[in-house]
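Below: the structure, in structure tokens.
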2 protein chains.
Amino acid sequence: MNAPGQTISPSCSDCPIRHRAVCARCDSEELEQLEAIKYYRSFEAGQTIIWSGDKMDFVGSVVSGIATLTQTMEDGRTQMVGLLLPSDFVGRPGRDGAAYDVVATTDIVMCCFRRKPFEQLMDATPHIAHRLLEMTLDELDAAREWMLVLGRKTAREKIASLLSIIGRRDASLGTNGSSGPMVFDLPLTREAMADYLGLTLETVSRQMSALKKDGVIRLEGKRHVTIPDMGRLMEEAGDDSDGGVFG
Amino acid sequence: MNAPGQTISPSCSDCPIRHRAVCARCDSEELEQLEAIKYYRSFEAGQTIIWSGDKMDFVGSVVSGIATLTQTMEDGRTQMVGLLLPSDFVGRPGRDGAAYDVVATTDIVMCCFRRKPFEQLMDATPHIAHRLLEMTLDELDAAREWMLVLGRKTAREKIASLLSIIGRRDASLGTNGSSGPMVFDLPLTREAMADYLGLTLETVSRQMSALKKDGVIRLEGKRHVTIPDMGRLMEEAGDDSDGGVFG
DNA sequence: CGATGCATTGACCTGTGTCAAGCCCTGTGG
DNA sequence: CCACAGGGCTTGACACAGGTCAATGCATCG
């Protein structure tokens with residue numbers, strides 16, 4: 001617990017997640033109201049942002065960086081239940097207690113709102129509630145897609161699924177030219193991947209090696225991944241290889 | 001509960017799911033508007049209500065009966081991603097295509113709304129949107145809880161988890177006196193249980209037998225279950241045995 | 001330099017899947 | 001009334017994917 005501290009608030013209009021976050025649909029007047037109650041907080045990689053069961057007195061959006069949502073059983077088994085990327089929303093209006101641990105995987109900046117004022121604002125401005133509904137429905141779809149991965153896919157397919165999801169996200173953020181091989185850095189350790197996939201880190205490591213040996217992926221160092229053929233990867237993931245848009 | 005088809009509309013005020021469904025928060029005027037666009041449909045056990053990928057021109061609520069939400073891979077592996085009980089909502093405003101198969105497990109009655117009028121109504125009446133957000137957040141929590149079950153629990157724990165969920169639901173519908181052993185009928189075949197739990201039906205069967213042998217449950221016939229000690233069952237499920245309310 | 005944290009690899013074990021036989025109902029038709 | 005077929009379920013024998021335990025490699029950091 002050292003210095004996760006306030007940062008100066010840049011204006012919402014310059015915000016990198018302006019049109020993807022909860023505030024996406026707000027008009028300029030609504031934005032002012034939000035701006036009045038917002039504040040930034042940053043956390044270092046590895047810090048726990050919220051402890052499951054703790055009182056949640058704020059909600060907010062990830063501005064930059066990555067965090068994970070995890071559940072832990074008494075004996076220590078843990079399952080990641082969500083991956084929070086820039087623009088994703090954290091917290092649940094209408095509930096005090098946090099249901100999951102939220103942990104910063106990289107250094108992270110969050111745009112926070114105290115919960116009560118935010119809830120009032122939500123009641124007053126349908127644009128916020130509407131956008132939140134939309135985002136929640138998307139997350140529900142993602143969670144259900146993940147249920148198929150967890151329940152029915154083999155270890156190799158699970159790894160391929162994770163890589164293709166991360167790859168697609170990076171593509172949608174325009175990091176890559178849309179043609180040619182896809183290249184990105186894994187934002188997760190082997191252990192975090194295992195927690196996401198319901199595997200052990202040894203199995204993750206073995207399957208990464210296997211995919212590499214079979215030419216499905218290339219690895220430089222432990223984290224830097226190249227995917228020469230996205231279609232091939234999606235076959236390995238057991239998905240329809242024809243890259244349907246989504247949902 | 002026989003012929004699939006339209007049924008006479010009873011008034012919303014007599015509706016058994018009046019204060020749990022999307023319409024829960026509507027005032028009488030809003031209810032009238034909903035009433036104007038609603039219609040009932042019934043389906044027989046085993047019928048597919050919606051095919052994944054099909055155009056969805058309606059949304060609606062389960063009034064009575066049980067349905068499942070499932071995803072299927074090309075090679076036939078299937079995973080249940082949701083269990084729809086009375087008052088649960090089906091369909092996603094703002095999207096044409098269904099993302100999952102919806103199958104009636106028992107005979108079922110649904111209260112349907114054509115999608116477009118419903119969406120308009122949703123924009124006009126915040127009570128509906130608000131309630132839908134609340135329900136979607138609950139479903140998201142349930143999906144995430146299920147991710148832990150799928151990813152990290154053993155077969156025995158999975159079975160115990162499923163039984164305890166079904167048991168708790170039945171209790172919340174007041175079927176049981178809140179004390180004494182809990183008794184209910186399984187609404188699912190062994191195969192459906194397997195699809196829910198990410199197991200094979202053989203493993204489900206074996207673990208049911210094991211739980212029975214160990215006195216955790218009692219079985220009369222294949223479906224009628226008695227749970228003499230709920231705390232014991234929850235230990236078997238790997239959950240905190242102190243029956244905390246919920247999330 | 002050793003220490004520390006992540007990752008890889010190997011050897012072995014076990015829980016769950018697979019394949020196959022057979023049981024118990026219920027319903028149907030001779 | 002019996003025979004029989006079919007669906008749901010149970011049980012057994014065996015195989016294998018993935019877990020467990022343990023050793024080692026490879027950076028980075030003080």
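In what follows, chains are A, B, ... by sequence order, proteins preceding strands, each numbered from 1.
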Between atom [atom1] in [X] and atom [atom2] in [N], what is the gap in whole Å?
X        : N      : atom1 : atom2 : result
A/Glu191 : C/dG5  : CD    : C1'   : 11 Å
B/Arg77  : C/dT18 : CZ    : P     : 9 Å
B/Leu219 : C/dC24 : CG    : P     : 16 Å

Quick check: do [X] and [Y] have side-chain heavy atoms less than 4.5 Å from each other?
X        : Y        : value
A/Met208 : A/Leu219 : yes
A/Leu69  : A/Leu83  : no
A/Arg156 : A/Leu211 : yes

What protein N or O atoms touch nucleotides 24-30 of chain D N or O atoms at under 3.5 angstrom, if any, and at what distances?
none

Item to complete: Mind running a 4.0 Å heavy-atom check of residues 148-166 of chain B against DNA chain C and sending the residues that fall below it, in number order?
Response: B/Thr154, B/Ala155

Fill in: Shortest non-hydrogen separation from B/Thr136 to A/Leu137 and the atoms involved
CG2-CD2, 3.7 Å

Practice prompt. Would you mind telling me which of B/Glu139, B/Gln71, B/Gln79 makes a side-chain hydrogen bond (donor to acceptor under 3.5 Å, both in side chains) with A/Arg144?
Written response: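 Only one of B/Glu139, B/Gln71, B/Gln79 forms a side-chain hydrogen bond (donor to acceptor under 3.5 Å, both in side chains) with A/Arg144, namely B/Glu139.
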
Can I get a per-line list of side-chain donor-acceptor pairs under 3.5 Å for residues 200-207 of chain B, giving both atom names and the distance, sequence neighbours left out?
from     : atom 1 : to       : atom 2 : distance (Å)
B/Thr200 : OG1    : B/Thr203 : N      : 3.3
B/Thr200 : OG1    : B/Thr203 : OG1    : 3.1

Discussion item. If I take atom CG from residue B/Leu188 and atom CD1 from residue B/Ile66, how far apart are they, to the nearest 0.5 angstrom?
Written reply: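 With rounding to 0.5 Å, CG (B/Leu188) is 6.5 Å from CD1 (B/Ile66).
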
Item to complete: With rounding to the nearest 0.5 Å, note down the distance linking OG1 in B/Thr68 to OH in B/Tyr196.
Response: 10.0 Å

Discussion item. Contact list please: residues 194-211 of chain B against DNA chain D, heavy atoms, distance less than 4.0 Å, in numerical order.
Written reply: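 Only B/Glu202, B/Ser205, B/Arg206, B/Ser209 qualify.
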
Practice prompt. Hey, could you give me each pair passing side-chain hydrogen bond (donor to acceptor under 3.5 Å, both in side chains) that has a residue in residues 146-155 of chain B? Not counting sequence neighbours.
Written response: A/Asp195-B/Arg152, B/Lys153-B/Ser161, B/Lys153-B/Asp239, B/Thr154-B/Glu157

Let me check something: any side-chain donor-acceptor pairs from residues 223-233 of chain B under 3.5 Å, sequence neighbours excluded? List them with distances.
from     : atom 1 : to       : atom 2 : distance (Å)
B/Arg223 : NH1    : B/Leu186 : O      : 3.2
B/His224 : ND1    : B/Asp185 : OD1    : 2.8
B/Asp229 : OD1    : B/Gly231 : N      : 2.9
B/Asp229 : OD1    : B/Arg232 : N      : 3.1
B/Arg232 : NH2    : B/Glu236 : OE2    : 3.2

